[in-house]
Number of protein chains: 2
Amino acid sequence: MELNATAKVIVGMLAARPRSGYEIKQLVDHSTRFFWAASYGQIYPELKRLESEGLIEGTDASQGGRQRTVYDLTAEGRRVAAEWIGRAPEVFELRDEGLLKLFFAGVTDAGRAPDIARERAGRAREVAGRLSELEAMLEADEDGGPPASPDAGSLTVLRYGIESNEWAAEWFERAATELEKEAPAKRAAKATRTSRRRS
Amino acid sequence: MELNATAKVIVGMLAARPRSGYEIKQLVDHSTRFFWAASYGQIYPELKRLESEGLIEGTDASQGGRQRTVYDLTAEGRRVAAEWIGRAPEVFELRDEGLLKLFFAGVTDAGRAPDIARERAGRAREVAGRLSELEAMLEADEDGGPPASPDAGSLTVLRYGIESNEWAAEWFERAATELEKEAPAKRAAKATRTSRRRS
DNA sequence: TTAAGCATGTAAGGTGTTACATGATTGA
DNA sequence: TCAATCATGTAACACCTTACATGCTTAA
C-alpha cells in the first residue's frame with residue numbers, strides 16, 4: 001500500500017487516537033510542521049480518499065449545528081500504518097535558499113557572501129528559539145492535562161530541531177567570519193559600490 | 001520581479017557564464033541538487049519563459065546536426081539576479097521521513113524507535129560520504145582544467161553539506177542509544193513478536 | 001556497430017498552496 | 001455584539017517528477 005505524503009502524516013496522527021481533520025491540522029502546525037507540513041487543501045480530500053480505501057473510518061461527532069467528523073484507523077489502516085513505520089525512510093527533501101545564494105555569491109557579489117551567511121545564521125537561531133518555546137510548553141503539559149502531541153517520541157524530534165538549528169547557526173556564523181577574511185578588500189568597499197575586477 | 005524556484009537556479013548558474021539547458025541540468029545534479037533540485041521538465045520550459053520575459057537570451061550553438069542553444073543573462077537579467085541575491089533568503093523547506101517516523105514511533109511501535117534513529121544516522125553518513133567524494137573531485141579540479149562549478153562559494157556550501165550530515169549522523173546515533181535505554185524490555189522482545197501491553 | 005553521452009523537448013499526473021466560501025459556538 | 005476559534009470544504013493555480021520521444025556524436 002503506497003501512502004502519499006499527506007496520508008503518512010494522517011495515519012500517523014490517527015495511530016494515537018481518533019481525530020477530526022481540523023485537529024490533525026492543528027497538531028501538524030504545532031509539531032511536524034518544520035519537517036512535514038500539510039494544508040487543509042490536502043488534508044480534507046485525503047481523509048475522504050483514505051476512507052474510500054478503507055484505511056480510516058469517519059464518525060459523525062457534530063455538536064448542535066457545528067459539523068464535525070472524527071476519523072479512526074480501521075484494522076487495515078492500522079496494519080498499513082505499522083507496515084509503513086517498519087520500512088526504511090525514503091523521503092528526504094530540502095530546499096534552502098540561503099545555501100543557494102551562498103553558492104552563487106562568489107560570482108555575483110563576493111562581498112555579500114558573509115552577509116548571506118549571517119542572515120542564514122539568524123534564521124537558524126530564530127527557528128531554534130521558536131522550537132525551544134514549544135519544548136517548554138510540551139514539558140509544562142507533561143504534568144497534568146492531555147498532552148498536545150501524541151507521545152514522547154515527539155520530544156526527541158523536537159530536540160533534534162532545536163539542536164540542529166543551533167548547530168547551523170554556529171556554523172554559518174563561523175563561515176561568515178571566514179568568508180570575511182577571504183575577501184577583506186571587497187568587504188571594505190561594500191557601501192561605495194566599486195567595480196569588481198580581480199584577475 | 002518574482003523568480004520561481006527553477007528561475008532562481010537558472011539565473012544563478014548563468015551569472016557565472018552562458019550555458020545550455022543540458023549544462024545547467026548537469027551542474028545542478030553535481031552541486032545544488034542536495035538543497036535545490038531541478039528537472040528537465042522544469043528547466044527547458046523555464047528557459048523559454050525567461051527568454052520571453054527578457055531576462056535571458058538564447059544563441060544557437062549547434063554543431064553540425066546536433067542542436068544546441070546557449071543562454072546568457074541580459075542586462076535586465078543580471079539586474080534581477082543581483083537583486084535576488086541581495087534580498088534575504090525566504091525559502092526553507094524540509095521533508096524528512098525519518099523524523100516523521102521517529103515522531104510517531106512512540107505510539108505505534110516504541111521498540112522500533114532506536115532502529116529508525118539508526119537508519120536515519122546511516123542515511124546521513126551516506127550523504128556525507130557522497131559529498132566528501134564530490135569535494136575531493138572539486139579540489140582536484142582546482143589546479144588545471146575549468147572548474148566543474150561556478151566558484152569557491154560552492155566549496156563553502158559543500159562543506160556545510162558534509163559537516164551537517166556528519167553532525168546529524170552522530171546525533172541520531174546518540175538518540176538511538178538513549179531510546180534503547182528508555183525501553184530495554186521492548187527492545188529485548190524485538191524478534192519474537194510479543195503482544196505489547198504496558199500501562 | 002553499438003553503447004554512452006549530448007541535447008531538446010512534451011504529456012500526464014501527482015503534489016501542494018492560497019484564497020475563497022460557509023456557518024456554528026464561545027468568551028470578552 | 002463582535003472577534004476568535006471551531007469546522008469543513010472547493011477551485012484555481014503553480015510546482016515538480018517521470019516517462020516518453022527524438023535524433024546526433026564520439027569513442028570503444
Q: Mind calculating the distance between CD1 (B:Ile24) and P (C:dA7) to the nearest angstrom?
A: 12 Å

(Q) Could you go through B:Glu46 and B:Arg49, starting from their C-alpha distance and side-chain angles, then the distance that decides it, and tell me whether this counts as salt bridge (charged side-chain N to carboxylate O under 4.0 Å, His left out)? (A) CA-CA 5 Å; B:Glu46 189 62 23; B:Arg49 214 186 59 76; 2.9 Å; yes

Q: Give the rounded distance in Å between these two atoms: CD of A:Glu46 and P of C:dG16.
A: 10 Å

Q. Whole-Å distance between D:dA7 C1' and A:Asp60 CG?
A. 12 Å

Q | Proximity to the side chain of B:Ser39 - top-ranked nucleotide from C:dG9, D:dT17, D:dT10 | A | D:dT17

Q) Nearest of C:dG9, D:dC16, C:dA7 to any side-chain atom of A:Arg95? A) D:dC16

Q | Length of the line joining A:Glu2:CD and D:dT17:C1', which is rounded to integer Å | A | 15 Å

Q: Using the closest heavy atom to pick a nucleotide of DNA chain D for each, name whichever of A:Gly41 or A:Gln26 lands nearer the 5' end.
A: A:Gln26

Q: Specify the residue among A:Gly65 and B:Lys48 whose closest nucleotide of DNA chain C lies further upstream toward the 5′ end.
A: B:Lys48

Q | Position toward the 5' end of DNA chain C (nearest nucleotide), B:Leu47 or A:Tyr40 | A | B:Leu47

Q) Which nucleotide sits closest to the side chain of B:Thr69: C:dT8, C:dG16, D:dA7? A) C:dT8

Q) Does a sphere of radius 6.0 Å around CD in B:Glu163 hold more than 12 heavy atoms from other residues, nucleotides or ligands, not counting ones at 6.0 Å or beyond? A) yes

Q: Rounded off to whole Å, could you give me the CD-to-P distance for the A:Gln42 and D:dC16 pair?
A: 14 Å

Q. Can you tell which of A:Glu173, A:Glu119, A:Glu166 makes a salt bridge (charged side-chain N to carboxylate O under 4.0 Å, His left out) with A:Arg125?
A. A:Glu173

**Q.** Greater than 12 external heavy atoms within 6.0 Å of B:Glu57's CD
**A.** no

Q.
Side chain of B:Tyr22, heavy atoms from C-beta onward: which of C:dA7, D:dC6, D:dG9 has the nearest atom to it?
A. C:dA7

Q.
If I take atom CZ in residue A:Arg49 and atom P in nucleotide D:dT10, what distance separates them, rounded to the nearest angstrom?
A. 15 Å

Q: From the options C:dT8, D:dT18, D:dA7, select the nucleotide whose nearest atom is closest to the side chain of A:Tyr44.
A: D:dA7

**Q.** Sole residue of A:Leu102, A:Leu99, A:Leu179, A:Leu100 in side chain to side chain contact (heavy atoms under 4.5 Å, CB included) with A:Ile116
**A.** A:Leu102

Q) OP1 or OP2 of C:dT8 sitting under 4.0 Å from any side-chain N/O of B:Ser20? A) yes

(Q) Rounded to whole Å, please give me the gap between CZ in A:Phe92 and P in D:dT17. (A) 15 Å

Q) Quick one: A:Asp29 CG to C:dT18 P, roughly how many Å, whole number? A) 11 Å

(Q) The side chain of B:Ala37 is closest to which nucleotide in this list: C:dG16, D:dA7, D:dT17? (A) D:dT17

Q. Is a donor on one side and an acceptor on the other found under 3.5 Å between the side chain of B:Glu51 and the backbone of B:Gly58?
A. yes

Q. Nearest to the side chain of B:Thr6, which nucleotide is it out of D:dC16, D:dC6, C:dG9?
A. D:dC16

Q) Which one, D:dT10, D:dC6, C:dG16, comes nearest to the side chain of A:Arg66? A) D:dC6

Q. Picking from D:dA7, C:dT8, C:dT15, which would you name as closest to the side chain of A:Asn4?
A. C:dT15

